[in-house]
Enquirer: 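Dumping the structure here so I can ask a few things about it.
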Amino acid sequence: MKSKPVPSYLTISNSEFIAKIDGLYELSENCGLCPRKCGAKRLKGEKGLCGAADKLKIASINLHFGEEPPISGKTGSGTVFFSGCSLKCKFCQNYPISRFCVGNIYDASELAGGMIKLQEKGACNINLVSSAHYMPFVAEAIYLAKEQGLKIPIVYNSSGYEEEKLLAFLDKIIDIYLPDIKYSDDRYALKYSGAPDYVGVNRKALKVMYGQVGELIVDKNGKAVRGLLIRHLVLPEGISGSADSFEYIGRALGDNVPISLMNQYFPAYKAAYDSKINRKITDDEYLDAVKEIIRMNLTGFFQRSDNLDIDNMYGLI
Ligand code: SF4
């Protein structure tokens, strides 16, 4: 019988961990933490395109029960929402946090204390939502929390628009990668998220993540302990390029990497003013994406819909 993997950050030496934290701070000096590489002098207080400067800003630290079953488990995911974001999605559902940077200032030790409290409340994991632009502080917080007894897996929950150099520092700190694959056409990535290089950057990042953590491993209670789980939000009018994205996952990563297929798109933030994305998706648009996953023999988590008879196909969110 295989033993349950220990969280990676418990397996590295303090000196290796500290070298990673130092490297992350260095990467933020003329900031290159994300693919924007905007060069903001973050440690001197300059604000980058993501809205972050020299202080860690967090919108909320809470247990969350609405993630995929292996992430939320029965006791909830210990979710930390970070203020600001390097993507500029017109339809962002969290735009007060991502675009208007709503949140409060923390330091690394306060965040470490928040992680410990989440663990005490029974969290299955620490779920870092859009944390790339704060990763030096966050890695420091994980280190401090580890010293105080943190022992649950770390989830890196991301738009999938990630810088390779940053990911290299995250190796052996992150246990579960939960990235998006948002687009398969850079024209849409530019128009709707302001990221003209999203597709290439995203696909490379997925490969790096997979190389670090491999396929999703769950324990006997169905909780994820390690691995990659990719999210795909179906957008109206085929904008998310679902079939092409699935084809890439199958070809580059194999058919055992689960895809969480999300149907909850609604026209938030500036989407109401765009005639292509100013509506929810139809059942047919979602079902078409479901069928593609099945046709390609990939693994999926699908969302329940009253109008769709997909309950018996795979795991449901
Ligand atoms: S993380 Fe922010 S400050 Fe750093 S490169 Fe990206 S947009 Fe610029």
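Small disclaimer: the values here were computed from a predicted structure and weren't measured. In listed order, ligands and their atoms are each counted from 1.
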Enquirer: Any idea which of Gly84, Gly48, Cys38 brings a heavy atom closest to atom 8 (Fe) of ligand 1?
Expert: Cys38
Enquirer: Please say whether the positively charged group of Arg203, taken as NZ for Lys or CZ for Arg, lies over the ring of Tyr248, i.e. under 6.0 angstrom from the six-membered ring centre and within 45 degrees of the axis.
Expert: yes
Enquirer: Can you tell me the protein heavy atom closest to atom 7 (S) of ligand 1 and the distance?
Expert: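 Scanning the protein heavy atoms, the shortest distance from atom 7 (S) of ligand 1 goes to Cys50 N, 3.4 Å.
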Enquirer: Going by the angle between their ring planes, with limits at 30° and 60°, are Phe17 and Tyr143 parallel, tilted or perpendicular?
Expert: perpendicular
Enquirer: For atom 4 (Fe) of ligand 1, what is the nearest protein heavy atom, given as residue, atom name and distance?
Expert: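 Nearest protein contact, heavy atoms only, for atom 4 (Fe) of ligand 1 is Cys31 SG, 2.2 Å.
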Enquirer: Tell me the protein heavy atom at minimum distance from atom 1 (S) of ligand 1, and give that distance in Å.
Expert: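 Heavy-atom neighbour on the protein nearest atom 1 (S) of ligand 1: His133 CB, 3.5 Å.
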Enquirer: Report yes or no: does Cys34 have an N/O/S atom closer than 2.8 Å to atom 6 (Fe) of ligand 1?
Expert: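 Short answer: yes, at least one N, O or S atom is under the cut-off.
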Enquirer: Which one holds for Arg42 and ligand 1: side chain close, backbone close, both close, or neither close, with close meaning a heavy atom under 4.0 Å?
Expert: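 For Arg42, the contact with ligand 1 is made by the side chain alone.
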Enquirer: Ignoring hydrogens and geometry beyond distance, is a side-chain donor-acceptor pair present between Tyr198 and Ser193 at under 3.5 Å?
Expert: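 There is no such pair between these side chains.
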Enquirer: Using a distance-only test with no angle check, is there a side-chain donor-acceptor pair under 3.5 angstrom linking Glu162 and Tyr156?
Expert: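 Looking only at side-chain atoms, Tyr156 and Glu162 do form a donor-acceptor pair, the distance falling under 3.5 Å.
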Enquirer: Could you grab the distance from atom CD1 of Ile126 to atom CD1 of Ile176, nearest 0.5 Å is fine?
Expert: 11.0 Å
